[in-house]
Amino acid sequence: KLAYEAESSDDDEVYHRCRKWTKYYLYQLQMIVAEPRPRDKALIKQLKQLGELLGGFHDRCVLEQALNGLLAKKQDEALEQAALLMLSWLMEQKRVDKSQCQGLFESVFARPHNPVKLARSR
């Protein structure tokens, strides 16, 4: 449900919450599955990939906040231009990150044999 909310929203905080739940899901799966089957291993690999991608996205959000704070101080024009250029690059990177996350959300959470989906439908 949260992944669908992230897909339909432009709010960075939703992606941060997805990161927390992805990590929780990964850790629970690793603790529960003593002898992972090939499909469990594939799911664990995808969850790790999604977690890393969401972690990089979060790092970009923190950098964006720092740059915006720097711009608010109105110090040096050259520094301001550099910060604006970096912010432009960050916006594009975050757009790419969100697109990749959405693909992984579909792959991980819309799977017919997804244990979370099965548990939720009961």
Heavy-atom closest pair, residues Leu70 and Ala83: CD2-CB, 4.4 Å
Pairwise side-chain contact, Met86 with Glu64, heavy-atom cut-off 4.5 Å (strictly under): no
Asp40/Arg37 ion pair, N-O < 4.0 Å: yes
Shared hydrophobic cluster for Tyr4 and Leu2 (ILVMFWY, side-chain gaps under 4.5 Å): no
CA sep, side-chain torsions, deciding dist, call: Lys23, Leu26, side chain to side chain contact (heavy atoms under 4.5 Å, CB included): CA-CA 5 Å; Lys23 289 167 73 173; Leu26 172 63; 5.6 Å; no
Same apolar cluster (I L V M F W Y, side chains within < 4.5 Å links), Trp21/Leu43: no
Worked verdict on Arg60 versus Trp89 for side chain to side chain contact (heavy atoms under 4.5 Å, CB included): CA-CA 10 Å; Arg60 293 189 215 294; Trp89 177 83; 3.8 Å; yes
Leu50 with Val14, same ILVMFWY side-chain cluster at under 4.5 Å: no
CA sep, side-chain torsions, deciding dist, call: Lys48, Gln30, side chain to side chain contact (heavy atoms under 4.5 Å, CB included): CA-CA 11 Å; Lys48 286 180 180 179; Gln30 288 175 323; 3.4 Å; yes
Heavy-atom side-chain contact between Leu54 and His16 under 4.5 Å: no
Note: Lys98-Glu7 ion pair, threshold 4.0 Å (strictly below): no
Within 6.0 angstrom of Glu13 CD, more than 12 heavy atoms from elsewhere: yes
Shared hydrophobic cluster, Phe105 / Ile44 (ILVMFWY, side-chain heavy atoms < 4.5 Å): yes
Within 6.0 angstrom of Asp10 CG, more than 12 heavy atoms from elsewhere: no
Over all atoms of both residues, closest heavy-atom pair of Ala6 and Gln102: O-NE2, 4.4 Å
Considering all heavy atoms, the nearest Cys101-Tyr15 contact: CB-CE2, 4.0 Å
Spacing of CE belonging to Met91 relative to CZ belonging to Arg95, to within rounding of 0.5 Å: 12.0 Å
Gap separating the CD atom of Gln93 from the CG atom of Asp59, nearest 0.5 angstrom: 13.0 Å
Beyond-backbone contact of Gln100 with Val96, side-chain heavy atoms, under 4.5 angstrom: yes
Side chain Ser107, main chain Gly103, donor-acceptor under 3.5 Å: no
Gap between atom CD of Glu80 and atom CG of Leu71 - 0.5 Å precision: 5.5 Å
Partner set under side chain to side chain donor-acceptor pair (under 3.5 Å) for Arg19, not counting sequence neighbours: none
Over all atoms of both residues, closest heavy-atom pair of Leu47 and Phe109: CD2-CZ, 4.4 Å
Results of side chain to side chain donor-acceptor pair (under 3.5 Å) for Gln28 - residues two or more places apart only: none
Atom pair NE2/CG of His58 and Asp97 - distance to nearest 0.5 Å: 13.0 Å
Cluster check Tyr24, Leu104: I/L/V/M/F/W/Y, side chain < 4.5 angstrom: no
From CA spacing to verdict: side chain to side chain contact (heavy atoms under 4.5 Å, CB included), Leu67, Leu63: CA-CA 6 Å; Leu67 288 171; Leu63 179 56; 4.1 Å; yes
Atom pair CG (Leu84) and CD (Glu77), whose distance is rounded to the nearest 0.5 Å: 10.5 Å
Non-hydrogen atoms of Thr22 and Gly51 that approach each other most closely: CG2-N, 4.1 Å
Gap between atom CD of Gln81 and atom CG of Asp76 - 0.5 Å precision: 10.0 Å
